[in-house]
2 protein chains.
Amino acid sequence: MPRASAADAARTAERILQSASTLYATCGYAHVSLDDVAQDAGVTRGAIYHHYLNKKGLFSAVAARLQAQVAAAVVAAAEGAPPSPSSRLRAGSHAFLDTITSSSFVRILLVDAPAVVGWQEWRRLDDENSVTHLREALRNVHVTEALVDVTAAHLSGAMNEAALWIAQHADPEAARAEAHAALDQLLNAYAA
Amino acid sequence: MPRASAADAARTAERILQSASTLYATCGYAHVSLDDVAQDAGVTRGAIYHHYLNKKGLFSAVAARLQAQVAAAVVAAAEGAPPSPSSRLRAGSHAFLDTITSSSFVRILLVDAPAVVGWQEWRRLDDENSVTHLREALRNVHVTEALVDVTAAHLSGAMNEAALWIAQHADPEAARAEAHAALDQLLNAYAA
DNA sequence: CACTATACATACACAAGGTACGTAAAGGAA
DNA sequence: TTCCTTTACGTACCTTGTGTATGTATAGTG
């Protein structure tokens, strides 16, 4: 097999990432072998090991991209909201819930990621992305400084669990509406 | 190797469960082979496959026991509290936080379990144990019926994330105190 | 005292991850 | 143009770990 140009190489790396992303989302990390990914991407395992460190490294790349997408959606929503701190917090939180509920994200980011990359590492990545913004928003709505960290953890956990609850619900759209209502109630408690 | 009596057999099954529990808690499910468990328990893998269906089945047994212990602690605390609905909810919630924070529980129940047994199945087990009580308690403090499910998910997620936050914190005892304070604040929001 | 079911141990088959190595072309440097 | 080095994979092999089939000795039972 002849070799591809640098641009082609980037595209195969991207194809591998895409295949892995959809397979992990539908079947779960443990049930997807590198052969499955390679076959879906139309390459061999050698190509995967060339572009990624190992199976865990491939998953990390997938998770990192998804997390970045979530963070981007949250920031965009917050910036598009009226400039008051509470409405920014509210907009960001609701955007987080809506984005992460997209079925691809739930299983990868909320179920597999903590176990695969380790909770400590995953939490660090989460901090770098969304949670930092969340803490900042909490400070802006005058949450006591000593309680900012715990409160961020509480809110983050609540939203994550809500996302899982929505995804598994028989009527996801109705569930989503309920979750948003409950989230508003929760946010009001902190904003006051 | 001669065969043991029925009572001895139960004890070996128990030793296997104990070994698996501590190994899973310290190293994580994926990094613990059945050989590791067998060696720690002083048996061969044959004994494990005799008492448990497979690796996942062994983990499920471990997780189920831990979850039952958590639920028992929650119920005991709630029954020991003053009979008002809000104080029962509060006592149960704080007991949940304290029990699940014990380091053995965190990794197995909150990190590995969802990925290993599948989130749906894990959630079902969780429902049968603690979450049912939580929903009942929420009804007793007059949470709107339509929001009971979501609110339970929110609270459960918040407490789980808080537990992980405590376990990973540099000063767990200080973190625990903060988490309890924040939890009280959160519960007040719902009880009101 | 047979006889069956239990409680393991042993041995083997197979899948999957990781590694070592091969190879052919791309992208400069001379 | 001609090297030469690096890149971008593919191929083959090794190792680990799970699951299963089978062996075996004893406990329990009629």
Side-chain angles (χ1 to χ4, degrees), chain A residues 1-24 26-63 108 112-113 115-118 121, chain B residues 1-24 26-63 108 112-113 115-118 121:
Chain A
M1 180 75 112
R3 188 196 147 190
S5 72
D8 287 341
R11 277 174 41 204
T12 63
E14 175 65 24
R15 286 215 323 278
I16 292 169
L17 204 72
Q18 279 296 331
S19 295
S21 191
T22 61
L23 287 174
Y24 287 156
T26 56
C27 308
Y29 175 79
H31 294 95
V32 175
S33 72
L34 290 179
D35 258 328
D36 295 336
V37 176
Q39 194 166 343
D40 188 86
V43 295
T44 65
R45 292 190 309 127
I48 299 181
Y49 277 101
H50 176 73
H51 287 288
Y52 304 95
L53 183 62
N54 50 22
K55 189 183 181 185
K56 186 172 153 185
L58 174 59
F59 180 86
S60 294
V62 170
I108 293 178
D112 282 336
V116 174
V117 312
E121 176 68 8
Chain B
M1 182 73 113
R3 187 195 148 191
S5 73
D8 287 342
R11 277 174 40 204
T12 62
E14 173 64 24
R15 286 214 323 277
I16 291 169
L17 204 72
Q18 278 296 331
S19 296
S21 190
T22 61
L23 287 173
Y24 288 157
T26 57
C27 308
Y29 175 79
H31 294 93
V32 175
S33 72
L34 290 180
D35 257 328
D36 295 336
V37 176
Q39 194 166 343
D40 188 86
V43 295
T44 64
R45 293 190 309 129
I48 299 181
Y49 277 100
H50 177 72
H51 287 287
Y52 303 93
L53 182 63
N54 50 22
K55 189 183 181 185
K56 186 172 153 184
L58 174 59
F59 180 87
S60 294
V62 169
I108 293 176
D112 281 336
V116 174
V117 312
E121 176 68 8

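Since the model is a prediction, treat every value here as computed from it, not as a measurement. Throughout, protein chains are lettered first and strands after them, A, B, ... in sequence-line order, and every chain is numbered starting at 1.
If you check D:dC9, D:dT18, D:dC13 against the side chain of A:Arg45, the one that comes closest is D:dC13. When the nucleotides C:dA9, D:dC9, C:dT6 are ranked by their closest atom to the side chain of B:Val43, C:dA9 comes out on top. For B:Asn54, counting side-chain heavy atoms from C-beta on, the closest listed nucleotide (C:dG18, D:dG19, D:dG10) is D:dG19. The side chain of A:Ala47 lies closest to D:dC9, out of C:dC12, D:dC9, D:dA12. When the nucleotides C:dA7, D:dT18, C:dG18 are ranked by their closest atom to the side chain of B:Ser33, D:dT18 comes out on top.
The nearest heavy atom of DNA chain C to A:Asp36 and to A:Leu53 marks one nucleotide each, and the one closer to the 5' end goes with A:Asp36. Comparing B:Gly46 and B:Lys55, the nucleotide of DNA chain D nearest to each residue sits closer to the 5' end for B:Lys55.
For A:His50 and D:dA8, the shortest distance from a side-chain N or O to OP1 or OP2 is below 4.0 Å. Considering only side-chain N and O atoms, B:His51 lies nowhere under 4.0 angstrom from the phosphate OP1 or OP2 of C:dA7. The side chain of A:Tyr49 places an N or O atom within less than 4.0 Å of a non-bridging phosphate oxygen (OP1 or OP2) of C:dG18. Note on A:Thr12: a side-chain N or O is less than 4.0 Å away from OP1 or OP2 of D:dC9.
A:Leu34 has its CG atom 13 Å from the C1' atom of C:dA15, to the nearest Å. Atom CZ of A:Phe59 and atom C1' of C:dG17 are 17 Å apart (whole Å). Across the protein-nucleic acid pair, B:Tyr29 atom OH and D:dG17 atom P stand 13 Å apart, rounded to whole Å. Between B:Asp35 atom CG and C:dA11 atom P there is a gap of 14 Å when expressed in whole angstrom units. Taking atom OH on B:Tyr52 and atom P on D:dT20, their separation rounds to 18 Å, with Å as the unit. B:Leu23 has its CG atom 13 Å from the P atom of D:dG17, to the nearest Å. Between the CD1 atom of B:Ile48 and the P atom of D:dT20 there is a distance of 15 Å, given to the nearest Å. When the P atom of C:dA9 is taken as reference, atom CG of B:Asp8 falls 13 Å away, rounded to whole Å.
Distance alone, capped at 3.5 Å, places no donor-acceptor pair between the B:Asp40 side chain and the B:Val37 backbone. Using a distance-only test at 3.5 Å, with no hydrogens or angles considered, no donor-acceptor pair links the side chain of B:Arg45 to the main chain of B:Leu34.
Taking the side chain as every heavy atom from C-beta outward, B:Ser19 and B:Ile16 never approach each other to under 4.5 Å.
The ring-ring contact (aromatic ring centres under 6.0 Å, His included) search around B:Tyr52 returns none, not counting sequence neighbours. Legend: residues meeting ring-ring contact (aromatic ring centres under 6.0 Å, His included) with A:Phe59, ordered by chain and number and at least two apart, are A:Tyr24, A:Tyr29.
Across all strands, B:Thr44 comes closer than 4.0 Å to base atoms (heavy-atom distances).
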